[in-house]
Amino acid sequence: AQSVSQHNHHVILSEAASLELGCNYSYGGTVNLFWYVQYPGQHLQLLLKYFSGDPLVKGIKGFEAEFIKSKFSFNLRKPSVQWSDTAEYFCAVNNFNKFYFGSGTKLNVKP
Amino acid sequence: DVKVTQSSRYLVKRTGEKVFLECVQDMDHENMFWYRQDPGLGLRLIYFSYDVKMKEKGDIPEGYSVSREKKERFSLILESASTNQTSMYLCASSLPLSRRDEVRTEAFFGQGTRLTVV
């Protein structure tokens with residue numbers, strides 16, 4: 001089975017700080033990559049996804065992610081976080097139609 | 001907009017009970033999924049269904065079964081609930097990758113069912 005690693009379990013930042021969350025996956029073939037966000041008490045929502053083409057993908061709310069095939073990585077970035085970005089973030093890989101998720105990163109943005 | 005609806009937000013059941021968690025999606029998606037979400041473990045796939053009456057085991061199928069009699073409905077069954085099945089259960093649906101040219105091929109999630117087994 002596919003494995004997805006998120007190395008940062010809990011990140012605390014002040015508003016306006018830059019964010020980078022790491023994600024690595026194990027499968028070496030064609031993969032489809034996603035970042036989801038879960039705000040407190042809400043369902044998972046898609047932030048962005050990569051299927052093919054430009055390895056730098058832009059999502060909602062100013063988030064972007066870069067696919068680096070040689071490093072099996074798909075890191076999430078945001079230049080300047082806001083208090084409203086406080087949430088849990090999940091990286092996911094779709095392999096043979098199944099979605100595999102990382103363990104999540106809790107982001108706490110201090111006002 | 002896509003909607004995935006789980007029948008209950010909160011459930012409390014006794015050890016040994018048979019528990020049914022229901023999920024319905026309204027977008028004619030072929031694929032449906034059941035995950036459990038636990039702190040520090042992320043989402044772990046319990047079962048996956050790619051068509052009516054078709055299913056595949058995920059990473060943690062032990063103690064669970066599923067039923068998909070209609071395309072829009074996917075049920076998770078705990079045959080005999082145990083305390084270690086206390087968790088948040090998430091249902092999701094998606095189009096198959098064979099339809100990847102369509103825009104929205106990500107997984108769509110329901111609100112979750114928080115199950116407590118006492």
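Hydrogens, waters and symmetry mates play no part in the numbers below; they use all other heavy atoms, side chains included. Naming: A, B, ... by sequence-line order, numbering from 1 per chain.
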Atom pair CG/CZ of B/Asp59 and A/Phe101 - distance to nearest 0.5 Å:
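Taking CG in B/Asp59 and CZ in A/Phe101, the distance rounds to 12.0 Å.
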
Measure the spacing between CG of A/Leu48 and CD of B/Glu106 and express it to the nearest 0.5 Å.
10.5 Å

Are [Y] and [X] connected in a single hydrophobic cluster, I mean Ile/Leu/Val/Met/Phe/Trp/Tyr linked by side-chain heavy atoms less than 4.5 Å apart?
| X | Y | result |
| --- | --- | --- |
| B/Leu90 | B/Tyr47 | no |
| B/Met32 | B/Leu76 | yes |
| B/Leu45 | B/Met88 | yes |
| B/Val12 | B/Val19 | no |
| A/Val37 | A/Val57 | yes |

Does the side chain of A/Gln42 come under 3.5 Å of the side chain of B/Gln111 through a donor N or O and an acceptor N or O?
no

In terms of heavy-atom contacts, does CZ of B/Arg44 have more than 12 from other residues, nucleotides or ligands at under 6.0 Å?
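Result for CZ/B/Arg44: enclosed.
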
Quick check on the interface: out of B/Ala107, B/Gly40, B/Ala92, who has the most heavy-atom pairs with chain A under 4.5 Å?
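Ranked by heavy-atom pairs under 4.5 Å with chain A, first place is B/Ala107.
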
Pick from A/Tyr36, A/Phe96, A/Phe34 with the largest number of heavy-atom pairs that fall under 4.5 Å of chain B:
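Of the candidates given, the most pairs with chain B belong to A/Tyr36.
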
Quick check for you: among A/His10, A/His9, A/Lys106, A/Gln38, which has the greatest number of heavy-atom pairs under 4.5 Å with chain B?
A/Gln38

Contact origin within [X] toward chain A - heavy atom pairs under 4.5 Å:
| X | value |
| --- | --- |
| B/Arg9 | side chain |
| B/Leu43 | both |
| B/Glu30 | neither |
| B/Tyr50 | neither |

Would you mind checking which part of A/Leu46 comes under 4.5 Å of any heavy atom in chain B, side chain (CB onward), backbone (N, CA, C, O), both or neither?
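Contact with chain B involves the side chain of A/Leu46 alone.
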
Heavy-atom pair with the smallest gap, counting every atom of B/Tyr35 and A/Phe99
OH-O, 2.6 Å

Side chains of B/Phe48 and A/Asn97, heavy atoms from C-beta outward: is any pair under 4.5 Å?
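Counting from C-beta outward, B/Phe48 and A/Asn97 do come under 4.5 Å.
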
When you look at B/Phe33 and A/Tyr100, which way does the ring pair (Phe, Tyr, Trp, His ring centres under 6.0 Å) test go after all the steps?
CA-CA 11 Å; B/Phe33 310 83; A/Tyr100 296 93; 9.5 Å; no

Taking non-hydrogen atoms and a cut-off under 4.5 angstrom, which of residues 84-92 of chain A neighbour chain B?
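So far as heavy atoms go, A/Glu88, A/Phe90 are the residues that approach chain B to under 4.5 Å.
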
